[in-house]
Amino acid sequence: MEFASSHVLNYDDSDDEFISEGEYKFGIGGSAKYAATAGRTVAPGGRSFVQSEGNYDNIGLVGQQSAPSEEAIYDNRTFDGPEAIYDNKIPSKNKPKVPEGLYAELGAHDSHHYSELSANAPPLPPENIKKTKEESKPMKYRRADTNVVAVKFESLVKSVDFSPGEAIFCENCSAAFSHISKIIDGQFWKCEFCEAENISEKFAIQDKLEKDDVTYILKEGSGTEADSAILFCLDISGSMCVTTEVNGNDQLMRSNDANVALMESRKQFDEPRYVSYPGATVQPKTYISRLQAMQSAIDTQLTRMEREQPDKRVGIVAFNNRVIVVGDGSNPPVILHEEQLLENDVVVEVGRSIPLPAPISQVKRCLADKVFSLNEVGQTALGPALLVSIAMASQRPGSKVIVCTDGMANIGLGSLLYTDTEYEYEAASVFYQEAGKYACANGVSVSVLTMEGEDCRVIELGSVADATGGQVNIVQPNNLSEEFGSILQDPILACKVSAKLILHKGMYFRNEDTEGSVVSRNIGNVTSDSEATFEFGVRKKPVMQVLYDNLGGTMVGSDQAAEEPIYDTVMATSAIEGLERLPFQLQIRYTTRTGSECLRIITMDRPVTKDRQFAEQNLNVAVLGTHAAQSTAKLAVDGLYGEARLNAIVTQKLVERHVQQKEDDDEGIYQTFVSNLAPIDSELNRVADANNQEMNASPSEEEEATSPKDKKAKKKSKKGKIWRKKVTDRSASIFYKTKNVTGKDFYV
């Protein structure tokens, strides 16, 4: 576990801050701090811009096509530069009113000069127009804090020192007895998390625990690493015939006779292959289809695996209006078609019944021949092909499925073509969610590659990859080989991974489907880059009311006091008030590559502070930045664009405060943070504008900690589903990439 600060921040009341409409509109790129590091200035409301020389007339218009007025003002000042050069002054009583977000005031002089923010800035509004209440009122949002913890899985299976015996758990909260636990009278253990008393004779043995990190073997494995499988799930629908221009010096890839004949017949319809003019060097143009590019890329990877991983098992599943299970190519293909494509159980049964591919060293030539025999024709039965591939790969946990497609699923299970009604789209979306759960439960990782410029509904396909620790990328056909290689070179360290984090009862988890102090997540497959983050808050003690009777004062709960006279009220305080250190425990269950089932328990305690400035000064930007990226992306995937942008902005403000407190004022830390969040922030801004989404206030600290989780989740889910259906592949790809950001991306 790695924390976002050296201390846990304790607080009594929620600490909110206001986000102006300008700050929201221009996002993290509109910060004054970021502008300063990039040599820019900031407009009212938060927008930053590069200084430029402007030409202005007497009424304040910029860049107008019509003739300028009789006298003009010329301003070539930079923010910290010399005084402005001008030909005339505008009297104070006639100073133009400047709309917020359009022009930035550059100096406090009698003559006001404004720098250009847009090449085509609109004219100033009439003076009698007033802002509406919504436009002028800033939005209140919970101030970001440092109560974040990150779990990095890169060392999950490295140098594990297995402990003898078995773990002992609290009967109330499931926390494990650890090195910080205290035994009373040799048999009582008062849980440091929930304060429940546990009785056991085993405590005398466990009292010898000294390490904060212990691992138990729950079930022995085979002792040897099983050979995992790679399944390529390939689109061979009609659209895969679309061609792309490549370097004329590149060698034409191998192709079957049918493809050669087809390509020859297309030549007469292609643009001229050569451009010639006097003295010019003839540059040949070569065009390849998407199918050819995919075939060549796979052949390259088969050759590499034969040389470097001869025991790797590789199979092929192709799909158009049918699903063709090629396997390793040594047996006749199994074909699914028509009504079979609509039967979930049938597809899974077929996949489970097909033998695993033989090692690539034995079938490489045969498999390559099968790959190059594929032809593009028909529709796109992507859903059934994905499911049968997962079922095949599930025979060997730790296996991978790589989907390569250029179109939307339009036939069979998971079809996204005819989804005009909310019910139809929801049914298709649920199919991919369930496919992801099935793959995750069986230790299968799914990655998705789609062709640039096509609508493949990546938001749905990507949910499978997101649930299984896979990758989502939109690629050019001639870059497929590199993308395949990148996915294959990231080995799975462990599968069927779940993580349980336990907090002190005085704290709770934010943005989780639980009201308690214990949360569990199904992580699935983990690689060296896998990382998860959790954010927690501090509970309040219930408000107590003091009642006075003839015998003196009595303190009772607010419910009991309803019918009695109330003379005084004791305000709510933090539920961890008075505690100097707080315990944290992480329990990770996982299956190794040898098949062993293990439980790793990491227990720590952290000091507590009520000084927010001190906690922020000791900030770990890598941990906070990872959480900001992942949580923002999660909200975006759920269609909550406004909340996602606000989440990024308030976290940016926290990082900005941290950098300003540092004596060396490390700009590199801040710029690294912004550069990692800028892509998704920019995309959210674009998408929100396109869909006319407005920013919304966040719930208060009290509402967040006490309101029913299911009611809030239901409201958000309904709102998010409306926007999710409109998400483009470009947006979805950025969202899923940001969800995979790790602390490594924030190191300067």
Side-chain angles (χ1 to χ4, degrees), residues 230-267 269-271 273 283-306 314-320 324 326 329 364 367-380 382 385-386 389 400-409 447-456 458 461 470-489 729-730 733:
I230 302 294
L231 273 297
F232 289 98
C233 185
L234 308 177
D235 188 347
I236 56 169
S237 62
S239 57
M240 290 293 286
C241 70
V242 174
T243 59
T244 302
E245 181 182 342
V246 296
N247 191 324
N249 295 323
D250 287 351
Q251 297 218 351
L252 285 173
M253 57 205 60
R254 174 183 163 195
S255 189
N256 58 40
D257 293 339
N259 275 340
V260 170
L262 183 60
M263 294 301 293
E264 288 295 325
S265 68
R266 291 176 182 150
K267 286 184 178 179
F269 303 107
D270 287 342
E271 296 178 356
R273 299 284 174 158
Q283 296 291 336
K285 292 184 179 181
T286 303
Y287 294 84
I288 61 171
S289 69
R290 291 171 176 171
L291 176 61
Q292 287 178 309
M294 183 174 68
Q295 289 169 327
S296 178
I298 292 175
D299 186 51
T300 299
Q301 297 307 317
L302 294 180
T303 301
R304 185 190 63 79
M305 284 187 283
E306 181 186 28
V314 185
I316 300 293
V317 174
F319 60 93
N320 44 29
I324 306 165
V326 177
K364 194 273 178 180
L367 187 57
D369 288 341
K370 294 295 185 181
V371 169
F372 283 106
S373 69
L374 299 173
N375 292 310
E376 64 270 54
V377 66
Q379 295 175 280
T380 310
L382 191 158
L386 170 64
S389 299
K400 292 186 176 184
V401 172
I402 304 177
V403 180
C404 184
T405 183
D406 76 336
M408 181 193 303
S447 293
V448 178
L449 299 178
T450 67
M451 302 295 177
E452 190 169 317
E454 299 295 335
D455 179 14
C456 304
V458 170
L461 290 179
Q471 300 180 26
V472 180
N473 286 311
I474 299 177
V475 301
Q476 290 283 358
N478 51 2
N479 292 330
L480 277 172
S481 183
E482 290 79 3
E483 294 294 338
F484 282 140
S486 174
I487 295 171
L488 294 174
Q489 289 177 5
D729 283 3
R730 164 186 158 173
S733 177

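- In this structure, the side chain of Thr300 engages the main chain of Ser296 through a donor-acceptor pair within 3.5 Å.
- Atom NZ of Lys370 sits about 9.5 Å away from atom CG of Leu367, to the nearest 0.5 Å.
- Atom-to-atom distance recorded for Asp406:CG and Ser239:OG is 3.0 Å, nearest 0.5 angstrom.
- Every side chain to side chain contact (heavy atoms under 4.5 Å, CB included) that Ser447 has, sequence neighbours left out, goes to Gln471, Ile487.
- Listed by chain and number, the residues in a side chain to side chain donor-acceptor pair (under 3.5 Å) with Asn320 amount to none (sequence neighbours excluded).
- In this structure Thr450 satisfies the side chain to side chain donor-acceptor pair (under 3.5 Å) test with no other residue, sequence neighbours excluded.
- If you take OG on Ser237 and CZ on Arg290, they are separated by 9.0 Å, rounding to the nearest 0.5 Å.
- The side-chain heavy atoms of Leu386 and Phe319, taken from C-beta on, include no pair separated by under 4.5 Å.
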Report task. Apply side-chain contact (heavy atoms from CB on, under 4.5 Å) to Ile402 and Leu488, showing your working. Result -> CA-CA 9 Å; Ile402 304 177; Leu488 294 174; 3.7 Å; yes
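- Residues satisfying the salt bridge (charged side-chain N to carboxylate O under 4.0 Å, His left out) test with Lys364, not counting sequence neighbours, are Asp299.
- Side-chain contact between Val458 and Val448: absent, with no pair of heavy atoms (C-beta onward) separated by less than 4.5 Å.
- Residues Ile324 and Leu374 have side chains not in contact (no heavy-atom distance under 4.5 Å, counting atoms from C-beta outward).
- No side-chain heavy atom of Leu382 sits under 4.5 Å from any side-chain heavy atom of Asp235.
- Val403 places a side-chain heavy atom less than 4.5 Å from the side chain of Val401.
- Shown here for Phe232 and Met305, the closest heavy-atom pair between the two residues is CE1-CE, 4.4 Å.
- For the side chain to side chain donor-acceptor pair (under 3.5 Å) test, no residue two or more places apart in sequence or in another chain qualifies with Ser486.
- Residues Val472 and Leu461 fail the side-chain proximity criterion, which asks for heavy atoms closer than 4.5 Å.
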Requested in this report: Please report the C-alpha distance between Ser289 and Met294 in whole Å, then the side-chain angles of each, then the deciding distance to 0.1 Å, and finally whether the side-chain contact (heavy atoms from CB on, under 4.5 Å) criterion is met.
Outcome: CA-CA 9 Å; Ser289 69; Met294 183 174 68; over 6 Å; no
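- Formation of a donor-acceptor pair under 3.5 Å by the Gln295 side chain with backbone atoms of Val371 is found in this model.
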Pairs under 3.5 angstrom only: tabulate donor-acceptor contacts from the side chains of residues 473-483 to other protein residues two or more places apart or in another chain.
from, atom 1, to, atom 2, distance (Å)
Asn473, OD1, Lys737, NZ, 2.2
Asn473, ND2, Glu483, OE1, 3.2
Gln476, NE2, Glu452, OE2, 3.4
Ser481, OG, Gln301, NE2, 3.4

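- Across every non-hydrogen atom of Gly407 and Thr380, the tightest pair is O-CG2, 4.3 Å.
- The closest side-chain heavy-atom distance from Asn375 to Ile236 is not below 4.5 Å.
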